[in-house]
Number of protein chains: 2
Amino acid sequence: MTLDDAAARLEALGNPTRLSIYRTLVRAGEGGLSVSALRERLGGALSTLSHHLQKLILIGLVIQERQGTTLICRANYDQMHGLVDYLTKECCADETDARQGDAA
Amino acid sequence: MTLDDAAARLEALGNPTRLSIYRTLVRAGEGGLSVSALRERLGGALSTLSHHLQKLILIGLVIQERQGTTLICRANYDQMHGLVDYLTKECCADETDARQGDAA
DNA sequence: CCGATATTCCTAGAAATATCGGAAGATGGA
DNA sequence: TCCATCTTCCGATATTTCTAGGAATATCGG
């Protein structure tokens, strides 16, 4: 993962509304949630929710799956783990371990 | 840590320039870096760098310490660990463990 | 095909952000 | 005190983002 990728994920999660969406999705777990179910829990306009969802989907933090008329949204745990890994290993590694980078 | 706090940290780190600043600071480790040393490594205008630094400092991700004429900037590891903890425990906990929240 | 429901797309305005050049403030040395 | 150095603050502009209402699209049941 590049620095720009990490920044994009961070930025996507950096908006309170989107972080709420993501957290709600994570907690819903297994079955995921439809867009309207999400709105029932979070409030706000549907178009706004969709807009944020698109951002999360584009980046890969959220996955959508069609189920009849409704689209089920699910959190993509792998992406989050990748991000956390980047933060803890590549970026925030102890300086002793980070010498392979640009520490020059 | 509240959701808004986490979002604020995430947003601060979500800008590529700021993530670079933070990463450079982390890798500098021990001694930290002065603002001008930071600019030598990252380029760009000094005022822009200062602006981003202020954001990072305000949130607590970066700490400044006076050393004679120069101000040394250091990464605040604790804040980052706190953020990672939030992401992995409070936010991205498995649904089985997250029932104390708003899972209703 | 038609109607109903679910979701996204288009459009738009207000607000925030990123970036910069140059001036101003702070600190230390002669 | 005066100068040199380091850093932040001021003012400005272009870009992006957030929010939302309403139209358009997709899918299903009859």
Side-chain angles (χ1 to χ4, degrees), chain A residues 3-25 28 31-76, chain B residues 3-25 28 31-76:
Chain A
L3 185 138
D4 280 341
D5 283 335
R9 284 172 177 72
L10 254 8
E11 188 202 11
L13 255 18
N15 178 280
T17 304
R18 279 195 298 271
L19 188 53
S20 294
I21 292 172
Y22 188 76
R23 191 182 61 157
T24 304
L25 248 24
L33 248 38
S34 69
V35 178
S36 46
L38 223 31
R39 192 190 61 155
E40 278 172 24
R41 303 197 178 198
L42 300 172
L46 216 39
S47 55
T48 304
L49 178 56
S50 178
H51 170 74
H52 287 306
L53 232 21
Q54 285 315 307
K55 200 152 195 169
L56 290 170
I57 290 167
L58 179 70
I59 286 177
L61 250 13
V62 167
I63 294 173
Q64 265 185 343
E65 185 187 333
R66 181 130 237 151
Q67 232 172 63
T69 355
T70 70
L71 280 167
I72 300 298
C73 306
R74 254 182 270 260
N76 188 358
Chain B
L3 185 138
D4 280 340
D5 283 336
R9 285 172 177 71
L10 256 5
E11 188 202 11
L13 255 17
N15 178 281
T17 303
R18 279 196 298 270
L19 188 54
S20 295
I21 292 172
Y22 187 77
R23 191 182 63 156
T24 304
L25 247 24
L33 248 36
S34 69
V35 179
S36 46
L38 223 30
R39 191 188 63 153
E40 278 173 24
R41 303 197 178 198
L42 300 171
L46 217 37
S47 52
T48 305
L49 178 55
S50 177
H51 170 73
H52 286 306
L53 232 22
Q54 285 316 306
K55 199 151 195 168
L56 255 11
I57 290 167
L58 179 70
I59 287 178
L61 250 13
V62 168
I63 293 173
Q64 264 185 345
E65 184 186 335
R66 180 131 238 152
Q67 233 172 60
T69 355
T70 69
L71 280 166
I72 300 298
C73 306
R74 254 183 271 262
N76 187 357

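Worth saying up front: this structure is predicted, and the values here are computed from it rather than measured. Letters go in sequence order (proteins before strands), and every chain restarts at 1.
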Return the set of residues passing side-chain hydrogen bond (donor to acceptor under 3.5 Å, both in side chains) with [X] (not counting sequence neighbours), or none when no residue passes.
{"X": "B/Arg74", "value": "B/Glu65"}
{"X": "B/Asp4", "value": "none"}
{"X": "B/Glu40", "value": "none"}
{"X": "A/Ser36", "value": "A/Ser34"}

Just N and O in the side chain of [X]: are any of them under 4.0 Å from OP1 or OP2 of [N]?
{"X": "A/Thr17", "N": "D/dC18", "result": "no"}
{"X": "A/Asn15", "N": "D/dT17", "result": "no"}
{"X": "A/His52", "N": "D/dT19", "result": "yes"}

Give the rounded distance in Å between these two atoms: [atom1] of [X] and [atom2] of [N].
{"X": "A/Leu10", "N": "D/dT17", "atom1": "CG", "atom2": "C1'", "result": "17 Å"}
{"X": "A/Leu58", "N": "D/dT16", "atom1": "CG", "atom2": "C1'", "result": "15 Å"}
{"X": "B/His51", "N": "C/dG22", "atom1": "NE2", "atom2": "C1'", "result": "17 Å"}

**Message:** Please report the interatomic distance CD(A/Gln67) to CG(A/Leu71), rounded to the nearest 0.5 Å.
**Reply:** 9.5 Å
**Complete:** For DNA chain D, the dot-bracket notation using Watson-Crick and G-U wobble pairs below 3.5 Å, [ ] for pseudoknot-type crossings and | for other-strand pairs, is ||||||||||||||||||||||||||||||
**Message:** Considering every strand and a 4.0 Å limit on heavy-atom distances, what is the contact class for A/Glu11: base, sugar-phosphate, or nothing?
**Reply:** sugar-phosphate
**Message:** Does B/Arg18 reach a base, just sugar-phosphate, or nothing at all? Heavy atoms under 4.0 Å.
**Reply:** sugar-phosphate
**Message:** Across nucleotides 4-15 of chain C, 5' to 3', mark each nucleotide with B, S or - according to how protein heavy atoms within less than 4.0 Å reach it.
**Reply:** -BSBBB------
By side chain to side chain contact (heavy atoms under 4.5 Å, CB included) - contacts of [X] (at least two apart):
{"X": "B/Ser47", "answer": "B/Ala45"}
{"X": "B/Ala6", "answer": "A/Leu19, B/Met1, B/Leu83, B/Tyr86"}
{"X": "B/Ile63", "answer": "B/Asn76"}

